[in-house]
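First up is the structure itself, then whatever we jot down about it.
Atoms within a ligand are numbered from 1 in the order they appear, just like the ligands themselves.
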Amino acid sequence: MELRRSRVIAAAILLGLLGAIVPIAAMAYISWTIAVEKQQDNLERVAEQTIMRAGRTFEDAKLALDSLAYPRLAPCSPQHIARMRVIAFNTPSVAEVGYIENGRLKCTSWGVEEGEVDKAPIDYVTPDGLEVTTHVQPAASMGNPVMALHYGGYSVLMDPARFVDILVEDDISLALANQDGLLISKLNSPDPALVETLSSGEPRKGMTSSSFYAVARDRGLIAIAMEPRANLAAKLREEQFLLLPVGAFIAIFIVGIVAWLSRKRLSPLGELSIAVRKREFIVHYQPIVELKTGTCIGAEALVRWQRPDGSLVRPDLFIPLAEESGLILPITDQVIEAIIAELGALLRMDRSLHVAVNLSAADVTSGRALDVLEDRLAGTEIESRQIWLEATERGFIDIDAARATLARARERGHAVAIDDFGTGYSSLQYLQGLPMDALKIDKSFIDTIGRNSATSSVTSHIIEMAKTLDLHIVAEGVETEEQADYLKARDVNFGQGWLFSKPLPAPDFIRYYRNAKASREDGRGNIRGVAA
Ligand code: G
Ligand code: G
Ligand code: MN
């Protein structure tokens with residue numbers, strides 16, 4: 001029993017802890033994945049904008065180079081130079097236009113080239129056929145290296161920053177590369193190692209131990225956006241602010257349910273209903289003997305609750321709760337089933353033997369136990385007259401229902417006994433109207449026998465009353481020979497009590513029954529042990 005309690009408590013604590021931790025951990029994890037997802041989606045958008053921007057810049061340069069081819073003007077003539085200047089001016093991404101002949105720069109949008117400048121070496125060729133030099137130190141300006149695109153005898157110089165001219169937060173860095181991973185342009189100094197791995201790999205977005213990244217590809221260009229993972233913190237807090245309270249709410253709910261269920265299970269009623277479900281009820285049998293001969297003529301079935309640790313709980317401690325809660329009905333069923341299983345063979349062998357079943361008030365009022373009896377007795381060859389039913393006055397609250405049940409019980413062949421007779425308030429007249437076969441005089445009256453107390457005279461009156469009703473009489477709680485003699489002298493036929501035997505488990509009762517029978521037959525000079 002303590003074992004079960006501590007198991008329930010341990011399970012409740014475990015479930016409670018899990019119920020508290022799991023939802024909160026789950027919500028923390030979900031907020032993290034949502035924050036990561038949002039962060040990466042944002043980066044992906046940046047990478048896509050970058051690739052679009054870069055693509056458009058290349059298109060602009062291509063357009064400018066294409067439009068330089070026509071109309072053909074005399075190379076490096078004032079008109080030619082003016083035209084190159086117009087185009088450089090009209091194409092925002094193009095800083096300068098140059099005309100090249102035989103690998104030498106002849107003139108630029110600024111004018112005729114005086115020095116001997118070679119065409120810059122080509123790093124790679126775009127899918128549209130533009131030759132690209134990624135780093136050129138422009139002759140005209142002292143500024144940063146620029147990029148040169150060559151096509152059809154012309155070159156345009158461009159500021160590489162134009163390709164990644166995107167409005168982003170400071171801690172997002174960008175890299176633009178060609179499909180071979182050659183870096184074309186960058187913003188906010190991206191991590192070169194990461195750029196190298198990403199430009200050769202497949203992934204569109206992801207993270208490393210220190211950064212998130214997103215990659216976009218288009219027409220031979222690769223745009224990479226990255227930002228430190230530390231940036232997640234703000235977004236994570238946002239998500240947690242929404243989701244952690246949900247997790248806490250679920251946790252409180254689960255812990256509440258666990259506490260409620262375990263309290264319910266640990267309550268006396270909870271334990272009793274588990275006991276009913278686990279069929280923890282066993283039956284002991286207290287012999288009822290014929291006082292004159294000492295023959296065992298029957299037994300009263302007395303239920304006990306056997307807890308998992310083997311201890312027995314007496315009915316006084318759980319029958320009231322069982323009656324109050326309605327669990328008494330299944331308990332009565334289990335008692336009936338135990339009787340049939342344990343004493344069925346003995347009852348079939350000795351038709352004069354009976355077993356008395358205690359009915360609860362609810363059993364008496366509803367009469368339901370009769371149907372259970374009929375059902376369980378069917379096919380067992382136990383005669384219904386071998387099953388006595390004991391009802392106490394507590395069952396007579398609804399007297400009409402009680403009368404109907406008792407009448408029905410007798411119609412089916414059962415004998416009906418009134419239990420604890422004398423302890424209630426009912427008048428004899430009231431009992432007279434009830435269908436019954438036997439009275440069980442309560443132990444409290446038997447106790448007075450031999451003592452000089454005032455109630456002892458009541459006892460003889462009780463016995464007289466029972467006799468007036470012409471009923472079998474069973475004296476309960478007979479403990480001494482003196483009591484037995486007193487009862488015999490007043491023609492009380494049957495007795496039950498410690499003088500004869502305490503309530504016994506079925507095998508012990510069967511042994512008691514056989515011994516009693518054997519010694520009686522022995523006493524009469526008959527053969528011993530026939531019944532065995
Ligand atoms: O022998 P014991 O102390 O166990 O019996 C206590 C009381 O419990 C008895 O007086 C009897 O009324 C009640 N009792 C015993 N067995 C049953 C049973 O199977 N059903 C009901 N309803 N009461 C029982
Ligand atoms: O159903 P009822 O109230 O009759 O149940 C009988 C009760 O009396 C059971 O609890 C049983 O254990 C108890 N009992 C039976 N015989 C004796 C006896 O001789 N002495 C005492 N003290 N109790 C007894
Ligand atoms: Mn009884």
Side-chain angles (χ1 to χ4, degrees), residues 272 275-276 279-289 291 298-306 311-340 342-343 354-366 368-369 372-373 376 387-396 402 405 415-424 436 438-450 472-484 487 494-506 508-509 512:
L272 193 63
V276 167
R279 306 186 65 91
E280 288 176 0
F281 297 95
I282 60 161
V283 179
H284 282 181
Y285 302 91
Q286 186 171 35
I288 299 170
V289 301
L291 289 170
E300 177 175 3
L302 293 161
V303 71
R304 270 101 184 85
W305 175 4
Q306 186 168 40
S311 67
L312 290 183
V313 183
R314 298 216 358 210
D316 334 12
L317 296 177
F318 64 88
I319 292 286
L321 181 61
E323 292 200 343
E324 207 174 281
S325 60
L327 286 172
I328 190 66
L329 301 176
I331 292 176
T332 302
D333 295 357
Q334 287 180 28
V335 168
I336 291 169
E337 283 156 18
I339 292 169
I340 292 170
E342 295 175 332
L343 295 191
H354 79 264
V355 177
V357 180
N358 285 288
L359 295 185
S360 72
D363 291 318
V364 172
T365 306
S366 70
R368 186 183 149 284
V372 175
L373 265 173
R376 303 298 196 276
I387 304 295
W388 288 25
L389 300 176
E390 293 188 12
T392 64
E393 284 176 38
R394 274 175 293 121
F396 304 154
T405 300
V416 171
I418 306 303
D419 205 359
D420 303 338
F421 181 65
T423 57
M436 56 183 162
L439 285 180
K440 296 189 82 172
I441 300 175
D442 191 68
K443 177 175 180 302
S444 56
F445 297 104
I446 309 303
D447 282 346
T448 63
I449 295 171
H472 291 297
I473 303 171
V474 182
E476 283 192 310
V478 180
E479 290 181 342
T480 65
E481 289 290 356
E482 190 189 354
Q483 290 167 345
L487 293 164
F494 306 122
Q496 176 186 349
W498 292 357
L499 176 62
F500 313 108
S501 170
K502 290 196 170 182
L504 301 169
D508 295 349
F509 169 73
Y512 174 91

Would you find a donor on one side and an acceptor on the other, under 3.5 Å apart, between the side chain of [X] and the backbone of [Y]?
X    : Y    : result
N358 : A301 : yes
Q483 : I446 : yes
Q334 : V276 : yes

Validation row: [X], [Y] side chains within 4.5 angstrom (heavy atoms):
X    : Y    : result
D508 : Y285 : no
V474 : I288 : yes
E476 : D419 : yes
I319 : V303 : yes
F445 : F421 : no

Practice item. For the pair R368 and D333, find out whether any cationic side-chain nitrogen is under 4.0 Å from an anionic carboxylate oxygen. Key: yes
I need the contact type for [X] against ligand 2. Using non-hydrogen atoms and a strict under-4.0 Å cut-off, is it side chain, backbone, both or neither?
X    : result
D420 : side chain
D316 : neither
K502 : neither
P315 : neither

I want to know if ligand 1 touches [X] in the polar sense, i.e. an N/O pair below 3.5 angstrom.
X    : answer
R304 : yes
V303 : yes
R314 : yes

Check your understanding: Which protein heavy atom lies closest to atom 24 (C) of ligand 2, and at what distance to 0.1 Å?
Key ->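 Ranked first by proximity to atom 24 (C) of ligand 2 is W498 NE1, 3.4 Å.
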Revision key, fill the gap. When distances are taken from atom 21 (C) of ligand 2, the protein heavy atom at minimum range is K443 CE, 2.9 Å
Atom indices of ligand 1 within 4.0 angstrom of [X] heavy atoms, with elements:
X    : value
I328 : 22 (N)
V335 : 19 (O)
S360 : 22 (N)

Of all N, O or S atoms in [X], which has the smallest distance to the Mn ion (ligand 3)?
X    : value
D419 : OD2
E300 : OE2
E390 : OE1

Which atoms of ligand 2 have any heavy atom of [X] under 4.0 Å away?
X    : result
G497 : 16 (N), 19 (O)
E476 : 2 (P), 4 (O)
P503 : 12 (O)
G477 : 16 (N), 17 (C), 18 (C), 19 (O)

Point to revise | Sub-4.0 Å protein heavy atom near atom 7 (C) of ligand 2 | key: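 Neighbour list for atom 7 (C) of ligand 2 is empty of protein heavy atoms (cut-off 4.0 Å).
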Exercise for review: Flag atom 13 (C) of ligand 2 as yes if some protein heavy-atom distance to it falls below 4.0 Å, otherwise no.
Suggested key: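 Under 4.0 Å from atom 13 (C) of ligand 2, zero protein heavy atoms found.
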Practice item. Taking atom types as modelled, find out whether E280 and W305 have a side-chain donor-acceptor pair closer than 3.5 angstrom. Key: yes
Exercise for review: Report yes or no: does a heavy atom of T332 sit under 4.0 Å from some atom of ligand 1?
Suggested key: no
Check your understanding: Passes side-chain hydrogen bond (donor to acceptor under 3.5 Å, both in side chains), D447 versus S444? Steps please.
Key -> CA-CA 5 Å; D447 282 346; S444 56; over 6 Å; no
Review point. Would N358 count as a contact for the Mn ion (ligand 3), in the sense that one of its N, O or S atoms lies under 2.8 Å from it?
Key: yes
Practice item. Record the part of N358 in heavy-atom contact with ligand 1 below 4.0 Å; permitted values are side chain, backbone, both and neither. Key: both
How many angstroms lie between atom [atom1] of [X] and atom [atom2] of [Y], to the nearest 0.5 angstrom?
X    : Y    : atom1 : atom2 : value
E479 : L499 : CD    : CG    : 9.0 Å
L272 : L327 : CG    : CG    : 5.0 Å
L439 : I473 : CG    : CD1   : 7.0 Å

Point to revise | Selected option - heavy-atom contact closest to atom 9 (C) of ligand 2, from L499, D442, L302, D419 | key: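 The residue whose heavy atom sits nearest atom 9 (C) of ligand 2 is L302.
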Review point. For atom 15 (C) of ligand 2, which candidate among Q286, Q496, E479 provides the closest heavy atom?
Key: Q286
Practice item. Identify which one of T405, V364, L359 satisfies the side chain to side chain contact (heavy atoms under 4.5 Å, CB included) criterion when paired with L389. Key: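 Of T405, V364, L359, side chain to side chain contact (heavy atoms under 4.5 Å, CB included) with L389 is met by L359 alone.
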